[in-house]
Every structure is written in structure tokens, then in C-alpha cells.
Amino acid sequence: MQTGISTACLYPMETEKSLEILLKQGYRCFEVFLNSAREMEKPFLRELKAMGSCYGASFVSVHPFTAAMESMLLFGDYPRRTEEGMDFYLRYAEAAAYLGAGYFVVHGQMEGHGKLSDPEYWERFGNLYRRAAGTGARPAQENVRRLKSARPAFLQGMRSYLGEDCAFVLDVKQCRLSGFSIEDVAGAMGDRLCHVHLSGCREGEACLLPGAGDFDLAGFRRLLERAGYQGAVVTEVYRSGFGEPGELEKSRAVLEKAFGC
């Protein structure tokens, strides 16, 4: 397993500035949170790629800035807008592939929003997954509170329905916030788990840096090992979850020690 970090941790700092700071702190594996349409264009991506290359860094995923709009863009009930949304998300796939990342993250539909049944949702996700195949990067469904994807039963059903035409992101803070156990969510994702968002926690604080609070990092590593997971474990926390940016460097050392990499 690799350990890394999302540029989202320093949001709303500009993406390239976040990446520069994290590279200087010793991080070498990244999720890039793209925060505007301009950041999806080749000149900007070329800059990020060059920055990473200078440090021998790699990119594993891209996170869309339009995630909160996916109920309407991808999983709504207006076919023309859905088609345009699919085309727009293929740009994220192309951006991820250009950076050398294998996945772009999808949040999905809010619980109780819209008219899609679960199988209709799964079929639409599968369509995006298959269409993105030619780019070299695929969509990965993240478990997110208040969304359909929070429920282990939904994720299990999606994996059964789509087979190899799906992938998943396990976000541990979203498990805590939605009230579902990490074990149950990871189990529902099964062998289609491709990416992990990690954070620490303590009573009353669901999103701290790894190493802060009392989250059992060694136990979590064992859970992933039992699942046969071999991908990246990426720190993704809200900016309110820590104080000075220097705390990110300390957390990196803790994470590398816990995961032996």
C-alpha cells in the first residue's frame, strides 16, 4: 500500500499552491481536487504534472468540484442534461488519465432526491464507467453521508449488479458521519475497493489528521490487508480538522510508520 494525501486538505488554497506545499513536506502520492473548469484544461494539468515529476511523485485520483451537483448532472431525470453531465465527467476522466491517475471520485445522488431506483442508478454509473474506459481512468463511487452511497446495502447491491463495471472509494470519516461501521462499508465494497480516504478521530470529532485522536491505524491497516487491498491510502480531511499546515508533515510521518511505507 502507498500512503498519500489529497490537495483538498488545504482548501481553499489554490490547487497548485497546495500541491507545492505538500511536495515540500515529503508527500509523494496525491489525489488532486480540481476546483474549477480551468483546472481541467491541459496547461494547468501540465503544470501540476511537471511539479509532481520534479519530486518523483505520482497521482492516484482526481476529485471533481461538481460533486455536490451530481444528483442533477448525472442522476437526474432530464435526459439531455444527463448526457451533457456524462460528457463533462469524461473530462475529469481525461484529466485524471493525463496525470497518470486511475480514478476520479463520484459522490452520487442524495438520499430521497430524484426518481431513479437503485438499479437505474447503478446502470447509469455503469454507463459512465464503460464510457470512461477509453480514457484510462474510471469513476469510483465514494460512500458519502446523506447520499445513497452511505448505505452498505446500496454498495453491496451496486457491486453485485455491475460486477467489474464499478469501483469504490472508502472514506472513513464518511462512515463515522453516516453512522455505518467501516467494516460494513468496506465489506460491501469488497474486491472492487480501489481507493481509501483516511482521517483520524476522537469522541465528538469525526475528521482529524491521521495520528490525531484515538483512531486505530494499525487495526485499520489489518482490515485492509484482510480485504487484499493494495492501493493508496490517502489523507483527506477538512481544513478545519487541523491548525497549522506543518501538522500535515507530522501526520505523514505517523502514517508512513503505521503502514510501513
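Numbers here are sequence positions counted from 1. Every heavy atom of this structure was used, including side-chain atoms; hydrogens, water molecules and symmetry mates were not.
Side-chain contact check for L128 versus L90: some heavy-atom pair is nearer than 4.5 Å. Side-chain contact between I21 and L10 is present, with at least one heavy-atom pair separated by less than 4.5 Å.
Q25 contributes a side-chain N or O that, together with a main-chain N or O of P245, makes up a donor-acceptor pair within less than 3.5 Å. With hydrogens and angles disregarded, no donor-acceptor distance shorter than 3.5 Å links the side chain of Q174 to the backbone of V144. Put simply, the side chain of R159 never gets that close to the backbone of F154: no donor and acceptor are under 3.5 Å apart. Checked by atom type and distance alone, the side chain of Q109 pairs as donor or acceptor with a backbone atom of F75 at under 3.5 Å. A donor-acceptor pair is defined here as one N or O able to donate and one able to accept, closer than 3.5 Å; no such pair exists between the side chain of R28 and the backbone of G4. Without hydrogens or angle criteria, N143 side chain to S149 main chain gives no donor-acceptor distance under 3.5 Å.
Cluster membership check: V60 does not share its hydrophobic cluster with Y129, using side-chain heavy-atom separations under 4.5 Å among Ile, Leu, Val, Met, Phe, Trp and Tyr. V105 and L99 fall into different hydrophobic clusters, where Ile, Leu, Val, Met, Phe, Trp and Tyr residues are linked whenever their side-chain heavy atoms come under 4.5 Å apart, directly or through other members. Both L23 and F59 belong to a single network of hydrophobic side chains, linked directly or stepwise wherever heavy atoms of I, L, V, M, F, W or Y lie under 4.5 Å apart. I5 is connected to V62 through a chain of hydrophobic side-chain contacts under 4.5 Å among Ile, Leu, Val, Met, Phe, Trp and Tyr, so both are in one cluster. Grouping the Ile, Leu, Val, Met, Phe, Trp and Tyr side chains by contacts below 4.5 angstrom, directly or via other members, places L193 with L155.
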For a side-chain hydrogen bond (donor to acceptor under 3.5 Å, both in side chains) check, start with the C-alpha distance between T66 and Y89, then their side-chain angles and the critical distance, and finish with the verdict. CA-CA 9 Å; T66 50; Y89 268 64; 2.8 Å; yes
Going through the checks in order, is the salt bridge (charged side-chain N to carboxylate O under 4.0 Å, His left out) test met by R130 and E123? CA-CA 10 Å; R130 292 183 288 270; E123 185 56 43; 2.8 Å; yes
Let's go through V237 and L208 carefully: what are the C-alpha distance in whole Å and the side-chain angles of both, what is the deciding distance for side chain to side chain contact (heavy atoms under 4.5 Å, CB included) to 0.1 Å, and is it a yes or a no? CA-CA 7 Å; V237 301; L208 303 173; over 6 Å; no
Go through M1 and L224 one step at a time and tell me if the side chain to side chain contact (heavy atoms under 4.5 Å, CB included) criterion holds. CA-CA 9 Å; M1 282 181 274; L224 294 178; 3.8 Å; yes
Test R80 against E84 for salt bridge (charged side-chain N to carboxylate O under 4.0 Å, His left out), laying out the working first. CA-CA 6 Å; R80 184 178 297 146; E84 290 177 356; 5.8 Å; no
Report the C-alpha distance between C175 and L170 in whole Å, list the side-chain angles of each, state the deciding distance to 0.1 Å, and finish with yes or no for side chain to side chain contact (heavy atoms under 4.5 Å, CB included). CA-CA 8 Å; C175 293; L170 172 64; 3.9 Å; yes
Side chain to side chain contact (heavy atoms under 4.5 Å, CB included) between L255 and R252, intermediate numbers included: CA-CA 5 Å; L255 194 59; R252 177 185 61 79; 5.7 Å; no
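The residues E16 and K49 are annotated as not salt-bridged, no charged nitrogen and carboxylate oxygen being separated by less than 4.0 angstrom. Using a 4.0 Å cut-off between charged nitrogen and carboxylate oxygen, K17 and E14 count as a salt-bridge pair. A salt bridge between E256 and K250 is absent, with no side-chain N of the basic residue lying under 4.0 Å from a carboxylate O of the acidic one. Electrostatic pairing of E205 and R202 counts as a salt bridge here, judged by a charged N lying under 4.0 Å from a carboxylate O. Classification of D87 and R131 as a salt-bridged pair holds, one side-chain N sitting under 4.0 Å from a carboxylate O. Salt bridge status for E111 with R151: present, with a side-chain N to carboxylate O gap under 4.0 Å. Salt bridge R192/E164: absent, no basic N to carboxylate O contact under 4.0 Å. Between R124 and E120, none of the side-chain N atoms (NZ, or NE/NH1/NH2) sits under 4.0 Å from a carboxylate O, so this pair counts as no salt bridge.
When only modelled atom types and interatomic distance are considered, T15 and N35 share a side-chain donor-acceptor pair under 3.5 Å. A side-chain N or O of H197 and one of E31 form a donor-acceptor pair less than 3.5 Å apart. Side-chain contact annotation: S160 with Q156, donor-acceptor N/O pair under 3.5 Å present. Side-chain atoms of Q141 and Y121 form a donor-acceptor pair, as typed in the model, at a separation below 3.5 Å. Side-chain atoms of Y27 and T235 form no donor-acceptor pair, as typed in the model, at a separation below 3.5 Å. No hydrogens or angles considered: nothing links the side chains of H107 and E70 as a donor-acceptor pair under 3.5 Å.
Here the CD-CG distance, from E94 to L45, works out to 10.5 Å after rounding to the nearest 0.5 Å.
The aromatic ring centroids of F242 and Y238 lie 6.0 Å or more from each other. A ring-centre distance under 6.0 Å is not found for H195 and H63. Aromatic ring centroids of F220 and F215 lie under 6.0 Å apart.
Taking the six-membered ring where tryptophan is involved, the planes of Y11 and F33 are tilted, since the angle between them lies from 30° to 60°.
Residues A101 and S61 share a closest heavy-atom pair of CB-N, 3.4 Å.
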